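Encoded as structure tokens, the structure appears first; notes follow it.
Because the structure is predicted, anything quoted here is derived from the model rather than measured. Each ligand, and each atom within it, is numbered from 1 in the order the structure gives.
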Amino acid sequence: MSDCNCQFVIFGATGDLACKKLLPALYHLHCAGRMPDELRILAFGRRPWDDKGWQDFLHEQLETYASNYQADHFADFCKHFEYVRGEIHEPESFVRLRALLTPEGAEKPAGTIFYLAIRPTDFIPVVQRLSSAGFNQEGDYRVVIEKPFGDDLESAMQLNEQLHNHFREDQIYRIDHYLGKEIVQNLLVFRFANLAIEAIWNRNYIDHVQITVAEDMGIENRAGYYDQAGALRDMLQNHLMQVLTLIAMEPPPSLEADSLRDEKVKVLRSIRPIPKSAVTAYAMRAQYGPGVVHDKHVPGYQDEAGVEVNSVTETYVAAKFYIDNWRWRGVPFYLRTGKRLAAKTSSVAIRFRHTPQQLFRETSIERIEPNWILLSLEPESLKIEIQIKEPGLEMRVRPVQLNASYRKDGEQELDAYEALLLDVMEGDRALFIRFDEVEWAWRVVDPIIKSWGRETDYILTYPAGSWGPDEATRIMDKEDHYWRNQI
Ligand code: BG6
């Protein structure tokens with residue numbers, strides 16, 4: 001069990017994010033014996049509850065959202081919590097919070113973590129109140145925030161500036177939960193612990209890279225947010241772009257947070273700016289219409305509750321980027337993500353170049369398929385596709401997959417939040433996003449945002465339950481490039 005003696009305050013403890021992700025993640029850490037013994041968690045919320053009211057609520061949420069919920073761990077888990085009734089817009093609530101967090105005579109905690117599981121418009125008001133209440137640059141206070149970090153470059157820069165008025169950059173933990181995913185972290189190990197892999201990880205061998213995050217679900221009850229955001233802001237600017245940086249970065253001098261983040265920023269800075277006049281060649285968007293997902297009829301985006309009439313918000317985006325540096329010049333990185341697609345799957349597919357000479361052919365006319373490295377985030381897998389001789393009298397070739405059994409029997413899957421919460425408690429910022437990463441990622445997508453912002457009367461559609469619009473191949477460089485749906 002970790003002995004990190006810190007305290008945790010969750011603002012928005014009864015909200016969606018807390019219920020679906022944070023509380024189950026904390027509970028799983030507790031059950032796995034990874035939660036610090038002395039961890040105090042203050043659940044800050046508006047509801048007029050005492051600790052018992054909070055515990056009933058917590059119990060209900062864990063029953064609904066925690067996997068393998070076992071009631072016998074609950075009583076011990078509850079001991080970590082105190083419920084603080086408060087209002088984030090009321091300075092007195094913060095004074096009370098201060099008294100609770102720093103009782104006179106008590107031993108100083110190793111660190112106090114403020115998790116802002118609240119609406120993004122409330123980030124700055126809460127940060128200001130925390131700072132006025134004395135939680136600021138002077139002590140070991142950590143502030144955790146979730147995306148959206150702004151909705152374009154300008155607003156992201158403003159947000160960073162306002163945060164920096166109260167907290168140092170090393171106190172700010174910007175979460176991108178994709179960095180907590182096992183296979184995403186494995187990208188670092190796969191690349192930098194395997195000489196054979198790293199030797200071929202460049203433009204001399206790799207033809208192109210595809211990053212896909214496909215979701216089968218729709219927008220659920222999030223129209224208020226999603227209709228303003230769309231897939232580019234909701235997923236591509238952050239999650240997919242983060243995965244891209246890990247695939248493309250140079251080996252860092254160490255795994256220390258800033259070493260790693262410096263390399264990621266270099267990648268973002270090397271991405272070729274998309275010319276204003278050529279956005280359609282680099283990016284395309286679409287919206288789901290009605291369709292059938294897993295044998296169930298579902299409505300189109302326009303018919304989802306809360307979506308504006310004639311909304312042209314994209315639920316699907318495909319885009320390509322070039323990284324103009326020595327390693328990657330000329331290699332397209334194709335990124336796509338969408339809601340209401342045929343399956344929930346996220347993957348990285350890396351296609352190698354053709355052999356310089358085609359000694360073998362699959363049939364008399366077809367060229368044999370080049371090698372692929374296929375990493376699937378969900379479900380987890382790691383495969384390499386190569387060609388072998390088909391047993392028999394003829395010299396025929398067929399593809400096979402070398403399939404690494406990524407997880408041994410009995411090795412439990414951790415949710416991304418479990419890993420990231422532990423990192424915050426331990427003060428490890430390597431898997432959190434630095435302010436300049438956020439800004440550079442916005443800079444990369446800004447030309448697309450601006451161009452789409454001007455096209456307000458039309459958006460292409462795709463049937464729910466499909467793999468997206470056929471036109472998504474439009475952005476591809478070569479005729480033999482195609483989206484790899486099966487991994
Ligand atoms: C969130 C997006 O950041 O990531 C959601 O806001 C999306 O729209 C979710 O559904 C996907 O996360 P995961 O871990 O299920 O792939």
Side-chain angles (χ1 to χ4, degrees), residues 12 15-22 24-25 28 65-67 115-121 123 144-151 156 173-187 211-244 246 285-288 293-294 298 301 304 306-307 311 313-317 335-348 375-381 413-421 431-433 437-438 441-442 445 464 468 487:
D16 229 39
L17 174 67
C19 296
K20 291 188 177 152
K21 299 287 184 189
L22 305 184
H28 292 144
Y65 297 114
S67 49
Y115 202 116
L116 274 50
I118 51 180
R119 287 184 309 189
T121 45
F123 286 169
V144 187
I145 54 174
E146 289 265 347
K147 71 167 223 303
F149 309 125
D151 52 22
Y173 290 68
R174 295 179 192 80
I175 283 210
D176 183 314
H177 76 280
Y178 266 59
L179 294 182
K181 290 188 189 250
E182 198 67 61
I183 294 281
V184 175
Q185 291 179 33
N186 180 54
L187 276 169
I211 304 172
T212 298
V213 177
E215 294 185 274
D216 46 9
M217 67 180 195
I219 53 162
E220 304 201 295
N221 51 1
R222 297 164 73 217
Y225 153 75
Y226 196 89
D227 205 32
Q228 300 302 315
L232 180 72
R233 290 185 172 94
D234 183 47
M235 299 289 290
L236 191 138
Q237 185 271 350
N238 38 80
H239 303 324
L240 280 83
M241 204 53 90
Q242 282 297 319
V243 175
L244 177 148
L246 294 180
R285 62 176 180 168
Q287 192 182 75
Y288 62 82
V293 181
H294 305 310
V298 296
Y301 181 73
E304 301 275 16
V307 167
S311 162
T313 298
E314 79 284 357
T315 58
Y316 179 97
V317 51
L335 275 52
R336 65 174 168 162
T337 180
K339 296 224 181 261
R340 283 287 191 233
L341 295 179
K344 175 153 177 64
T345 147
S346 323
S347 62
V348 173
L375 301 159
S376 170
L377 280 55
E378 193 161 341
E380 284 175 357
S381 71
E413 270 187 55
L414 285 185
D415 180 74
Y417 275 88
E418 294 168 39
L420 295 175
L421 286 176
L431 296 179
F432 295 83
I433 321 281
E437 283 183 79
V438 175
W442 279 118
V445 299
I487 294 290

**Q.** Aromatic ring pairing F432/Y173, orientation class (parallel under 30°, perpendicular over 60°, tilted between)
**A.** perpendicular
Q. D415 and H28: side-chain donor and acceptor closer than 3.5 Å?
A. no
Q) Considering only heavy atoms, which protein residues lie less than 4.0 Å from any atom of ligand 1? A) K147, H177, Y178, K181, E215, M217, R222, D234, M235, H239, K339, K344
Q | L341 to G468 - nearest heavy-atom pair and separation | A | CD2-N, 3.6 Å
Q.
Please tell me whether D234 and Y225 have a donor and an acceptor in their side chains that are separated by less than 3.5 angstrom.
A. yes
Q. Centre of Y178's six-membered ring, under 6.0 Å away, within 45 degrees of the axis: is that where NZ or CZ of K181 sits?
A. yes
Q. So among K339, E304, R340, which one has a side-chain hydrogen bond (donor to acceptor under 3.5 Å, both in side chains) with Y288?
A. E304
